[in-house]
*Asks:* 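Submitted below is the structure of interest, expressed as structure tokens.
Keep in mind that this is a model prediction, so the values were computed, not measured.
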Amino acid sequence: AFTLSNGAWLGVDVSKNAEWFIEHQLEDGGWNCEWENGATISSVHSTLNSLIGLLDYEIRVGSNELIAAARKRGEEYLLQRNLMFKLSTGEQIAPWVTEFIAPARWRYSTLRALTYFMDARNFDGDAIDSRIEQAIESVRKRENENGRWINDWVEKGAVWVEVDAPIGEESKWNTYYATRVLNWFDSAS
């Protein structure tokens with residue numbers, strides 16, 4: 001057992017949340033929301049969402065060796081798969097891996113993963129890992145003739161306000177994230 005110190009953000013101690021993620025990281029380096037049902041293999045969805053949360057914790061509270069180490073293990077889980085392929089067969093994980101979704105909510109996509117890696121590299125100061133290049137190219141290929149990216153999926157469920165385009169139309173959010181990621185990658189290359 002361990003305790004994270006200095007876990008206050010906006011006057012609330014959120015260190016227990018971060019500790020939970022460290023304690024529930026699976027052997028393969030990632031996370032799976034089905035762990036309580038016995039899952040022992042990580043999910044790209046759960047792993048990316050966990051990484052985003054842990055990075056956000058460090059950005060707001062400050063760098064932490066335990067969290068940084070957990071993030072690196074989780075990142076390696078995704079990087080071993082080049083952000084898009086099954087480790088066992090080398091095939092694309094599923095068609096939804098390269099779909100653009102806005103708002104993304106819980107869903108994994110290469111665009112969300114690349115956004116995480118951009119934010120993490122900017123925070124950590126690490127060099128870009130070459131294993132993200134296929135994912136970068138998958139984003140680049142989806143740019144349309146107007147310099148925009150379409151919305152491939154809209155998650156079902158109640159919303160207070162529609163924040164983006166319907167399926168098949170140009171998406172301001174997907175365009176924003178794709179442009180940021182490509183500019184970051186191209187400027188660093």
Side-chain angles (χ1 to χ4, degrees), residues 21 24 26 28-37 39 41-57 59 71 74-122 128-129 131-186:
F21 282 96
H24 290 86
L26 298 176
D28 62 10
W31 289 267
N32 190 323
C33 64
E34 293 292 327
W35 66 272
E36 64 185 352
N37 294 325
I41 298 171
S42 295
S43 148
V44 292
H45 301 291
S46 296
T47 298
L48 180 58
N49 289 321
S50 299
L51 288 170
I52 290 168
L54 290 172
L55 177 62
D56 194 55
Y57 176 91
I59 288 169
R71 281 197 305 109
E75 288 173 7
E76 187 59 27
Y77 174 84
L78 296 178
L79 289 168
Q80 286 175 334
R81 293 154 179 78
N82 292 53
L83 308 187
M84 37 187 314
F85 301 109
K86 293 178 183 178
L87 194 58
S88 58
T89 65
E91 298 171 338
Q92 187 170 309
I93 294 169
W96 45 257
V97 167
T98 56
E99 288 180 347
F100 295 106
I101 306 150
R105 295 190 186 175
W106 59 271
R107 224 175 235 268
Y108 182 91
S109 73
T110 53
L111 184 55
R112 276 191 80 215
L114 288 166
T115 300
Y116 165 79
F117 277 94
M118 175 187 66
D119 293 341
R121 294 307 169 255
N122 288 337
I128 294 175
D129 192 300
R131 294 175 287 180
I132 72 167
E133 289 177 12
Q134 287 178 292
I136 287 285
E137 290 312 310
S138 76
V139 170
R140 198 181 304 279
K141 287 178 188 174
R142 297 290 311 279
E143 183 177 5
N144 73 13
E145 64 279 355
N146 298 325
R148 298 194 177 107
W149 285 259
I150 64 160
N151 212 8
D152 293 316
W153 185 260
V154 175
E155 214 42 71
K156 291 175 179 41
V159 296
W160 290 45
V161 177
E162 294 293 336
V163 296
D164 205 26
I167 294 172
E169 292 188 21
E170 292 178 346
S171 161
K172 63 184 173 231
W173 287 109
N174 290 328
T175 298
Y176 169 72
Y177 287 115
T179 302
R180 280 183 72 220
V181 162
L182 294 177
N183 287 343
W184 163 73
F185 181 80
D186 292 343

*Asks:* Can you name the side-chain contact (heavy atoms from CB on, under 4.5 Å) partners of T47, sequence neighbours left out?
*Replies:*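 Partners of T47 under the side-chain contact (heavy atoms from CB on, under 4.5 Å) test: W31, S42, L51, Y77, L78.
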*Asks:* Under a 4.5 Å cut-off applied to non-hydrogen side-chain atoms, are I132 and L79 in contact?
*Replies:*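 A side-chain contact under 4.5 Å exists here.
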*Asks:* Before you tell me yes or no, could you show the steps for I150 and N174 under side-chain contact (heavy atoms from CB on, under 4.5 Å), namely the whole-Å CA-CA distance, both residues' side-chain angles and the distance that decides it to 0.1 Å?
*Replies:* CA-CA 7 Å; I150 64 160; N174 290 328; over 6 Å; no
*Asks:* Taking W149 for its side chain and V139 for its backbone only, find out whether a donor-acceptor pair lies under 3.5 Å.
*Replies:*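 The answer is yes, because a donor-acceptor pair under 3.5 Å joins these two groups.
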*Asks:* Quick one: does W173's side chain have a donor or acceptor within less than 3.5 Å of a partner on V163's backbone?
*Replies:*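 Answer holds: yes.
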*Asks:* Does this structure show an ion pair linking R131 with E76, if we count only N-O contacts that are shorter than 4.0 Å?
*Replies:*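 Yes, R131 and E76 are salt-bridged.
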*Asks:* Restricting to side-chain contact (heavy atoms from CB on, under 4.5 Å), what partner residues turn up for A120, sequence neighbours left out?
*Replies:*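 Result, side-chain contact (heavy atoms from CB on, under 4.5 Å) vs A120: L55, R71, E75, Y116, D124.
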*Asks:* Assess whether side-chain contact (heavy atoms from CB on, under 4.5 Å) is satisfied between W184 and R180, documenting all intermediate values.
*Replies:* CA-CA 6 Å; W184 163 73; R180 280 183 72 220; over 6 Å; no
*Asks:* List in chain and number order the residues that pass side-chain hydrogen bond (donor to acceptor under 3.5 Å, both in side chains) with E170, two or more places apart in sequence or in another chain; answer none if no residue qualifies.
*Replies:*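 E170 satisfies side-chain hydrogen bond (donor to acceptor under 3.5 Å, both in side chains) with N144, N146, R148 only.
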*Asks:* Of all residues at least two apart in sequence or in a different chain, which pass the salt bridge (charged side-chain N to carboxylate O under 4.0 Å, His left out) check with R112?
*Replies:*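 Listed in chain order: nothing, the list is empty.
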*Asks:* Please identify each residue that fulfils side-chain contact (heavy atoms from CB on, under 4.5 Å) with N183, with sequence neighbours left out.
*Replies:*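 For N183 the side-chain contact (heavy atoms from CB on, under 4.5 Å) partners, ignoring immediate neighbours, are T179.
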*Asks:* Would you please name every residue forming a side-chain contact (heavy atoms from CB on, under 4.5 Å) with I93, sequence neighbours left out?
*Replies:*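 Testing I93 for side-chain contact (heavy atoms from CB on, under 4.5 Å), a comparison that skips the adjacent residues, returns V44, K86, W96, V97.
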